[in-house]
**Student:** 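Right, I'll just put the structure down here and ask away after.
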Amino acid sequence: LTPLYERAMSKHDREKIKLVSNYMQLNAESCVLDVGCAVGTFLLRVKDELGSAISGVDFKDDLSFPRFDEIDFHNGLFYEQDALVPESFDLITMWHFLEHCYDPARSLQKAKQLLQPEGRLIIEVPRLDSRTSKWFGPKWPGVQAPQHTVLFDRAHLEQMVEQADLKIVEHLAYG
């Protein structure tokens, strides 16, 4: 990995932790699951800074990164992860995962099942009704076909979240 990549990921992961801290305080007693964790840089930062137990899921099976072995990693489709214990996670994050998912409704139901009663789910996706989508039109980078299997607008995303019996605390739009 290049120093530029590591610096960019580090900044991005710090911003994610700052966002999470607006909604909950993680500590050594917390259990965090990152769905679509890739090489796990966010999880490793959570572990280093906050001491939380960390788990990750990704459908890619050739992931490797320094310290990746410190993550309780589960390979495959998220909604098929039977080894994950129901009501065991304080926080589940889906940073640009749901638009890659073959069955987002099923993934949201799985997240609901795995969250502790007061747990939080944070979802970040590109939105069809965003400003950047309108600005770029057919050249909008959020399309990324065929990697993105589902594209959301705000109403569609909120409907899916509510159908999974999850409550929306706040909806943030980032251009």
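Remember, it's a predicted structure, so these values are computed and weren't measured experimentally.
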**Student:** Quick one: CD1 on I123 to CG on L108, what's the gap to the nearest 0.5 Å?
**Tutor:** 5.0 Å
**Student:** Keeping the roles fixed (side chain from S52, backbone from N27), state whether a donor-acceptor pair exists under 3.5 Å.
**Tutor:** yes
**Student:** Measuring from Q109:CD to L114:CG, what's the distance to the nearest 0.5 Å?
**Tutor:**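 Those atoms lie 12.0 Å apart.
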**Student:** Hey, what do you get for CZ (R106) to NZ (K110), rounding to the nearest 0.5 Å?
**Tutor:**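 Between atom CZ of R106 and atom NZ of K110 there are 9.0 Å.
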**Student:** Hey, what do you get for NZ (K18) to CG (D13), rounding to the nearest 0.5 Å?
**Tutor:** 15.0 Å
**Student:** What closest approach, in Å, do Q81 and L77 show between heavy atoms, and which atom pair accounts for it?
**Tutor:** NE2-O, 3.1 Å
**Student:** Please test V32 against F89 for side-chain contact (heavy atoms from CB on, under 4.5 Å), starting from the C-alpha separation and ending with a verdict.
**Tutor:** CA-CA 6 Å; V32 177; F89 292 99; 5.8 Å; no
**Student:** Does atom OH (Y23) have a neighbourhood of more than 12 heavy atoms from anything else shown, all under 6.0 Å?
**Tutor:**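 Count over threshold, so yes.
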**Student:** Is V39 linked to I17 within one hydrophobic cluster, defined over Ile, Leu, Val, Met, Phe, Trp and Tyr using a side-chain heavy-atom separation of less than 4.5 Å?
**Tutor:**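 Yes, because V39 and I17 connect within a single hydrophobic cluster, where side-chain heavy atoms sit under 4.5 Å apart.
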**Student:** Quick one: CE on M94 to SG on C101, what's the gap to the nearest 0.5 Å?
**Tutor:**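 M94 CE to C101 SG: 7.5 Å, rounded to 0.5 Å.
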**Student:** With the side chain counted from C-beta on, respond yes when C37 and F42 share a heavy-atom pair under 4.5 Å apart, and no when they do not.
**Tutor:** no
**Student:** Could you tell me how the ring of F59 sits relative to the ring of Y102: parallel (under 30°), tilted (30 to 60°) or perpendicular (over 60°)?
**Tutor:**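 Ring orientation, 0 to 90° scale: tilted.
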**Student:** Taking G76's backbone N and O only, do any of them form a donor-acceptor pair with E80's side chain (distance below 3.5 Å, no angle check)?
**Tutor:** no
**Student:** Decide yes or no for W95 and D34: does some side-chain heavy atom of the first lie under 4.5 Å from some side-chain heavy atom of the second?
**Tutor:** yes
**Student:** Counting C-beta onward and ignoring hydrogens, is there a side-chain heavy-atom pair between D90 and R120 closer than 4.5 Å?
**Tutor:** no
**Student:** Which pair of heavy atoms, one from F68 and one from G40, lies closest together, and at what distance?
**Tutor:** CE1-N, 4.4 Å
**Student:** Do V20 and L91 make a side-chain contact, defined as non-hydrogen atoms from C-beta onward lying under 4.5 Å apart?
**Tutor:**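 Yes, at least one pair of side-chain atoms sits under 4.5 Å.
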**Student:** Do S10 and R14 have a side chain donor and acceptor closer than 3.5 Å?
**Tutor:** yes
**Student:** Minimum heavy-atom separation for V150 and P104, please, with both atom names.
**Tutor:**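 Minimum heavy-atom contact is CG2-CG, 3.6 Å.
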**Student:** Any link between L4 and M9 through a network of hydrophobic side chains (Ile, Leu, Val, Met, Phe, Trp, Tyr) touching at under 4.5 Å?
**Tutor:**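 Hydrophobic grouping puts L4 apart from M9.
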**Student:** Which heavy atom of R67 sits nearest to which heavy atom of L44, and what is that distance?
**Tutor:** O-CD2, 3.7 Å
**Student:** Assigning hydrophobic clusters by single linkage (Ile, Leu, Val, Met, Phe, Trp, Tyr; side-chain heavy-atom cutoff under 4.5 Å), is Y79 placed with I92?
**Tutor:**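 Different clusters: Y79 never reaches I92 through Ile, Leu, Val, Met, Phe, Trp or Tyr contacts under 4.5 Å.
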**Student:** Any idea which heavy atoms bring S107 and L98 closest together, and the distance?
**Tutor:**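 In terms of heavy atoms, the two residues are closest at CB-CD1, 4.2 Å.
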**Student:** If you round to the nearest 0.5 Å, how far is OG of S30 from NZ of K47?
**Tutor:** 14.5 Å
**Student:** Find out whether I168 and E162 are in side-chain contact, i.e. whether some heavy atom of one side chain is under 4.5 Å from a heavy atom of the other.
**Tutor:** yes
**Student:** Does L50 belong to the same Ile/Leu/Val/Met/Phe/Trp/Tyr cluster as L19, with side-chain heavy atoms less than 4.5 Å apart forming each link?
**Tutor:**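 Yes: a chain of side-chain contacts under 4.5 Å links L50 to L19.
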**Student:** More than 12 foreign heavy atoms under 6.0 Å from CD of E15: is that the case here?
**Tutor:**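 Enclosed: over 12 neighbouring heavy atoms sit under 6.0 Å from CD of E15.
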**Student:** Quick one: does D58's side chain have a donor or acceptor within less than 3.5 Å of a partner on H74's backbone?
**Tutor:** no
**Student:** Using atom types as modelled and distance alone, determine if a side-chain donor or acceptor of K112 lies under 3.5 Å from a backbone N or O of D165.
**Tutor:**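 The answer is yes, because a donor-acceptor pair under 3.5 Å joins these two groups.
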**Student:** Measuring only between side-chain heavy atoms, which start at C-beta, is F97 closer than 4.5 Å to E124?
**Tutor:**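 Heavy-atom side-chain distance check fails, nothing below 4.5 Å.
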**Student:** Give the minimum heavy-atom separation between G56 and I71, together with the two atoms involved.
**Tutor:** N-CG2, 3.7 Å
